[in-house]
Amino acid sequence: MEYNFKKIEKKWQNFWDENHTFEAKTGDKSKEPYYVLVEFPYPSGSGLHVGHVRSYTAQDAIARMKRMQGFNVLYPMGWDAFGAPAEQYAIKNHIHPKEAVKENIKTFKGQMKNLGFSFDWSREFSTTDPEYYKWTQWQFLQFYKHGMAYKDTIPVNWCPTCKSVLSNEDAAGGVCERCGSSVLQKEKAQWMLRMSDYSEDLLKGLDDTNFAEKVKLGQINWIGKSTGVEVDISLVGGGKFSIFTTCIETIYGITFFVVAPDGKLIKEWMPRVENKEEVQTYIEATAKKSNMDRTELNKDKSGVEVKGIKAINPVNGSEVPIYLGDFVLGDYGTGAVMAVPSHDQRDFEYATKHHLEIIEVISGGDVSKQAYEKKDYLHNPESRLVASAEFSGMSVMEAKKAITKELVNRGIAREVNNYKMRDWIFSRQRFWGEPIPMIHCEKCGWQPMKEEDLPLLLPDVAEYEPTENGESPLANITEWVNTTCPSCGGAAKRETDTMPNWAGSSWYFLRFMDAHNKEEFASMEAMKYWNRVDWYNGGMEHTARHLLYARFWVQFLYKIGLVPNKEMIWTRVSHGMVLGSNNEKMSKSKGNVINPDDVIKEYGADTLRVYEMFMGDYQQDAPWSTDSLKGCKRFIDKIIRLKDKIGTGSGYSRELETLIHKSIKKVEYDLTHLAFNTVVSTLMILANAYDDQKEITKEEYRVLLILLNPLAPHVTEELNELIGYEPICKSVWPKYEESKCVETELAIGVQVNGKLRGTIQIRVDEEEVSVKEKALKQENVAKFIEGKEIVKVIVVPKKIVNIVIKG
RNA sequence: GCCUGUGUGGCGGAAUUGGUAGACGCGCUGGACUCAAAAUCCAGUAUUAGCAAUAAUGUGUGGGUUCGAGUCCCACCACAGGCACCA
């Protein structure tokens, strides 16, 4: 057969379309549901990346196998199309971003069709569809109505040149990604979601998932739980504040306190401060510094003393000075710390710079040189408390408990948990996002829109320039902004901020379960049927945040009774990047970008798919190699040639039977264990074995086609049709028999003192005595043991023989 | 600094519980077919020595456990990614 992949691929893609082969029926009780999900892409202007092809093919292979195994497979696709690039493009070209998005989606979809992915296109949607974002807005209103959304003034990244608020990603390194200016902090009122309320639930929920261990760790680190004690500290002359510490055992070593310059405490104290000007200057200087500057000043522990206010150490009554220092963060813990320079390196550096006292309270280090920190003294069983009144002489763990107990009994301390994870900043000052359905009325304050008025559509205008003061471009569109208050009916203004990119992607997997529902975001019935996402794949870069946001969103919906499970994603795996042939990330500037369209044109989609699965460990990055790609083309050519070897026989021949059964078992196992590269090598081995035979049977040929079908669906369907079978997509996955997976004869190694000296042929069930005898007689082995004393002979069944000799 | 991952031929990478290291593919070398080329097929290909059988060395480095270590333990080095003053 001539391999006209263009014709073959088109033919089968049309066949699948016309027959609605991959459309999943919700509620089909005759089959077990199985939900395979891959992160839906942002349809950028540059088209599908070969990296997309890698993960989509992997999930496609799983989906195709599962279908043949009798599962009702849901493998959907859609578009995460809100975002800054489309907006930038719109500003430059004066067209509505939805036009650009429409074009890009068309391109992406065409490319995906050309690759033969078995997506259920009947469920396709874009996060930018009003029918979809209506429900994103509706869910925001649920957050609001349950007290989970609030407006707060917080510092944001501000680019003075672009006059725009930047996300942390766009402000990485303290410079604006677009223009390179230094990013400043600016106070702005933002919508927030109370994600921190869910810290503990998000941590615990991980036990109800099957995420890869490193994915779980990523979540755990991001949540950043730490357990410690919050202690009330009284001020001389009245008033008090609290500090949070994980090292209560060092409390006798306090020589000063440090409070955050951006925190609320210092504002409160201001009237009592004696050196107001100095303090104010420092607060302002901190505000001007970007996050990055603050980090860079790491070595330089800047700060000023807050004069006129002194604190009292609750354990010994001593008066202690208070300082401002920007190494203390206003939004973590209580925004104030007890400083123990003897046992905390940051405090040590601060004390050294500002000439403050250092008192050792735990023995074992040399605190004149550096702090003797928790990470060291906890591992030193010799360390004891010193200079700590009645606690002196105790071990660290004893003291921790005793001091905590004492302070808790006195009613001035509480054991608490703190989390690094903050509330979710949900506002973006951009045009191209879901409008936040809130209305501000002078009389009634913030009012939610009426649910029946949703969706709140983005207006059709031609200008998307940001405003001078950093408001969203929507603020310029007065006819859109001005509205009436849903409560009193008076004049009111709409919120002009939009939602972040993460919003639409936080629940899209629920929508796929019931994509066309006009009454609800998805019906409970449909969600109960599909139950959850069984297998979710995406890039490692999304495993922390996207996954956390999505889990938070789902847990909230669960709490208010709108989804059936607390966790709606069972297995989450991640894939490595496809790098350029020079082993660097593909980028236009480096000129190492491979366009999948070009590859499909020259080698066909099946070759590209097989190659991307073969290129390396799926979870690891792998460089592109056109030479290796050609090797995969040769493999497919070989599969085609093998058809001519089909003879008149039937069933599996004695020569091939074991290998076939083993191959079915391995392909099945590897496809669900992320070992796609060895799926390909297994099939190459099988094909090579067929090639060694004079002739093969139809059944043998067909089993190879079915096993290869998940990776190369077009050519295998074509060959399958040519030999007269019903389409593979309507067929049943072959079954292997465990008993037929083992060879009856095998060659095992014989070692002498652990070194391989020869091999022997044995029957699989050969008795140990006989194996031992064969091993000792083996020609080369005999040379090594001649005249030596044999200490023992270790026979590992079906694996190896090791002869231990002396002398 | 912390967390995570990775170090195996010329290259991408195999090696499911410790049991014949280098499967499979690429590349390379030689040969067949051809006027020639492409395609295809055959043989070889970790390193060193040898015509060969074979031997020695060999999975980032140094130790250890074991009859036996790429795999387990301890210490370290390099690279990649993420987080970064979190009290």
Side-chain angles (χ1 to χ4, degrees), chain A residues 213-215 217-218 220-222 224-226 228 243-247 250 258 260 291-292 294-295 297-299 301 325-329 331-340 344-347 349-350 374-375 418-422 540-541 543-544 576-577 581 583 585 610-611 614-617 619-632 634-635 637-638 641 666 669-670 673 675 677-685 687-688 691 746-760 779-780 783 791-805:
Chain A
E213 210 46 45
K214 66 173 177 179
V215 173
L217 273 168
I220 290 168
N221 288 339
W222 197 274
K225 178 177 182 173
S226 62
I243 57 101
F244 172 73
T245 180
T246 57
C247 311
T250 62
V258 186
N291 291 334
M292 190 33 92
R294 233 166 122 159
T295 312
L297 289 175
N298 207 342
K299 299 128 216 156
K301 286 281 180 294
D326 66 6
F327 77 91
V328 177
L329 308 171
D331 60 352
Y332 179 78
T334 62
V337 299
M338 63 178 211
V340 183
D344 182 286
Q345 191 57 29
R346 290 158 307 175
D347 299 347
E349 284 163 20
Y350 196 93
K374 178 170 64 178
K375 66 176 170 20
N418 260 305
Y419 303 88
K420 284 192 211 176
M421 191 175 73
R422 312 289 153 88
M540 200 54 211
E541 70 276 19
T543 50
M577 275 188 294
S581 52
N583 241 308
K585 210 171 157 169
V610 169
Y611 168 61
F614 186 57
M615 69 195 313
D617 181 340
Q619 295 187 77
Q620 226 61 58
D621 294 350
W624 182 267
S625 159
T626 301
D627 276 335
S628 285
L629 174 81
K630 286 178 191 164
C632 294
R634 263 177 238 163
F635 169 58
D637 287 338
K638 180 182 264 178
R641 276 201 313 277
K666 186 155 174 61
Y669 182 91
D670 285 356
H673 288 80
N677 52 343
T678 49
V679 169
V680 180
S681 66
T682 300
L683 295 175
M684 284 173 169
I685 291 167
N688 289 344
D691 207 20
L746 53 136
I748 63 166
V750 182
Q751 300 179 327
V752 178
N753 282 354
K755 286 202 170 175
L756 187 72
R757 296 303 177 187
T759 56
I760 52 171
E779 202 183 341
N780 200 44
K783 279 198 298 198
V791 181
K792 59 175 161 177
V793 180
I794 294 153
V795 179
V796 183
K798 291 183 263 183
K799 299 271 188 194
I800 208 162
V801 180
N802 191 10
I803 301 162
V804 186
I805 57 168

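In what follows, every chain begins at residue 1, and chains take the letters A, B, ... in the order their sequences are listed.
- For the residue pair A:T682 and A:Y669, no side-chain donor N or O sits within less than 3.5 Å of a side-chain acceptor on the partner.
- Rounded to whole angstrom, the span from the CG atom of A:D344 across to the P atom of B:G1 amounts to 17 Å.
- No contact: A:G224 has no heavy atom under 4.0 Å from any strand.
- Protein atom CD of A:Q345 is 12 Å distant from nucleotide atom P of B:C86, rounded to whole Å.
- Base contact: A:Y669 has a heavy atom under 4.0 Å from a base atom.
- B:G19 and B:G30: their C1' atoms are spaced 37 Å apart (whole Å).
- Taking for each of A:Y332 and A:V680 the nucleotide of RNA chain B with the nearest heavy atom, the 5'-most of the two is the partner of A:V680.
- Here the shortest heavy-atom pairing between A:V795 and A:P797 reads O-CD, 3.5 Å.
- When heavy atoms are screened at a 4.0 angstrom cut-off, A:D617 is found touching the sugar-phosphate backbone but no base atom.
- Looking at every heavy atom in both residues, A:P623 comes nearest to A:M615 through O-CE, 3.7 Å.
- Remark: A:V337 engages A:V258, A:V328 in a side-chain contact (heavy atoms from CB on, under 4.5 Å) (not counting sequence neighbours).
- A donor N or O paired with an acceptor N or O is found under 3.5 Å between the base of B:C86 and the side-chain atoms of A:R422.
- Among the nucleotides B:G12, B:G27, B:G19, the one closest to the side chain of A:D627 is B:G27.
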Could you go through nucleotides 67-73 of chain B and list every protein N or O atom that sits under 3.5 Å from one of its N or O atoms, giving the distance for each pair?
residue, atom, partner, partner atom, Å
B:C67, O2', A:N802, ND2, 3.2
B:C67, O2, A:N802, ND2, 2.6

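- With no hydrogens or angles considered, no side-chain donor-acceptor pair links A:N221 and A:K420 at under 3.5 Å.
- Relative to the side chain of A:D326, the nucleotides B:A14, B:C85, B:C24 differ in distance, and B:C85 lies closest.
- Nearest-nucleotide assignment on RNA chain B puts the 5′-proximal partner with A:M684, out of A:W222 and A:M684.
- Legend: residues meeting side-chain contact (heavy atoms from CB on, under 4.5 Å) with A:S628, ordered by chain and number and at least two apart, are A:Y611, A:S625.
- With B:U20, B:A87, B:C85 as the choices, the nucleotide that has an atom nearest any side-chain atom of A:V337 turns out to be B:A87.
- In this structure, A:D344 contributes its side chain and A:A339 its backbone to no donor-acceptor pair below 3.5 Å.
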With sugar-phosphate taken as primed atoms, P, OP1 and OP2 and all else as base, the protein-contact string of nucleotides 2-10 of chain B at under 4.0 Å (heavy atoms; B, S, -) is -SSSS----
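- Applying the 90° cutoff around 0 to the glycosidic angle, B:G60 is assigned anti.
- Nearest heavy atom pair, residue A:R757 against residue A:V752, reads CG-CG2, 3.7 Å.
- The interatomic distance linking A:L329 (CG) with B:C83 (C1') rounds to 14 Å, in whole Å.
- The P atoms of B:A43 and B:A75 are separated by 50 Å, rounded to the nearest whole Å.
- If you measure from atom CZ of A:R641 to atom C1' of B:U40, you get 6 Å, rounded to the nearest angstrom.
- No N or O donor and acceptor, one from the side chain of A:K420 and one from the base of B:C83, sit under 3.5 Å apart.
- A pairwise comparison of heavy atoms in A:A544 and A:W222 identifies CB-CE3, 3.9 Å as the closest pair.
- B:A14 makes up no base pair with any nucleotide shown, lacking Watson-Crick or G-U wobble contacts both under 3.5 Å.
- Residue A:K799 contributes atom NZ, which lies 7 Å from atom P of B:G19 at whole-angstrom precision.
- Rounded to the nearest Å, the gap between the C1' atom of B:U20 and that of B:A84 is 48 Å.
- Taking atom P in both B:G50 and B:A38, the straight-line distance is 34 Å, to the nearest Å.
- At the heavy-atom level, A:T245 lies under 4.0 Å from the strands shown only through sugar-phosphate atoms.
- The shortest heavy-atom contact between A:D617 and A:N677 is N-ND2, 3.7 Å.
- With a 3.5 Å ceiling on both atom-pair distances, the Watson-Crick or G-U wobble partner of B:U54 is B:A49.
- Across the protein-nucleic acid pair, A:N688 atom CG and B:U40 atom P stand 13 Å apart, rounded to whole Å.
- Side chain of A:D621 to backbone of A:M577: a donor-acceptor contact under 3.5 angstrom is found.
- Counting any heavy atom pair closer than 4.0 Å across all strands shown, A:N418 reaches no nucleic acid atom.
- Side-chain N or O atoms of A:D347 include one that pairs as donor or acceptor with a backbone N or O of A:V340 at under 3.5 Å.
- When the side-chain nitrogen and oxygen atoms of A:T678 are compared with OP1 and OP2 of B:G13, none of them lie within a distance under 4.0 Å.
- The minimum heavy-atom distance linking A:I748 with A:K799 is given by the pair CB-O, 3.5 Å.
- Using Watson-Crick or G-U wobble geometry with both donor-acceptor distances under 3.5 Å, B:A78 finds its partner in B:U6.
- For A:Y350, the ring-ring contact (aromatic ring centres under 6.0 Å, His included) partners two or more places apart in sequence, or in a different chain, are A:F256, A:Y323, A:F327, A:H354.
- Separation of the P atoms belonging to B:G7 and B:C73 is 15 Å when rounded to the nearest angstrom.
- A 3.5 Å limit on both hydrogen-bonding distances identifies B:G31 as the Watson-Crick or G-U partner of B:C41.
- Nucleotides B:G62 and B:A78 place their P atoms 16 Å apart, quoted to the nearest Å.
- Pairing of B:A69, defined by two Watson-Crick or G-U wobble distances under 3.5 Å, is not identified with any nucleotide.
- Distance check on atom C1': B:G44 versus B:A52 gives 15 Å, rounded to whole Å.
- In terms of phosphate contacts, A:N583 brings no side-chain nitrogen or oxygen within less than 4.0 Å of OP1 or OP2 of B:A80.
- Straight-line distance from the CG atom of A:D331 to the P atom of B:A87: 13 Å, rounded to whole Å.
- Side-chain atoms of A:I685 lie closest to B:A23 of the nucleotides B:U17, B:A23, B:C85.
- Here CE of A:M338 is found 10.5 Å from CZ of A:F244. Values are rounded to the nearest 0.5 Å.
- A gap of 14 Å separates the C1' atoms of B:G9 and B:G70, to the nearest Å.
- Counting to the nearest Å, the C1' atom of B:G81 and the CG atom of A:D621 are 8 Å from each other.
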Would you tabulate the pairs of protein nitrogen or oxygen atoms and nucleotide nitrogen or oxygen atoms of nucleotides 49-56 of chain B closer than 3.5 angstrom?
residue, atom, partner, partner atom, Å
B:A55, OP1, A:R757, NH1, 3.4
B:A55, OP1, A:N780, ND2, 3.0
B:A56, OP1, A:R757, NH2, 3.3
B:A56, OP2, A:R757, NH1, 3.0

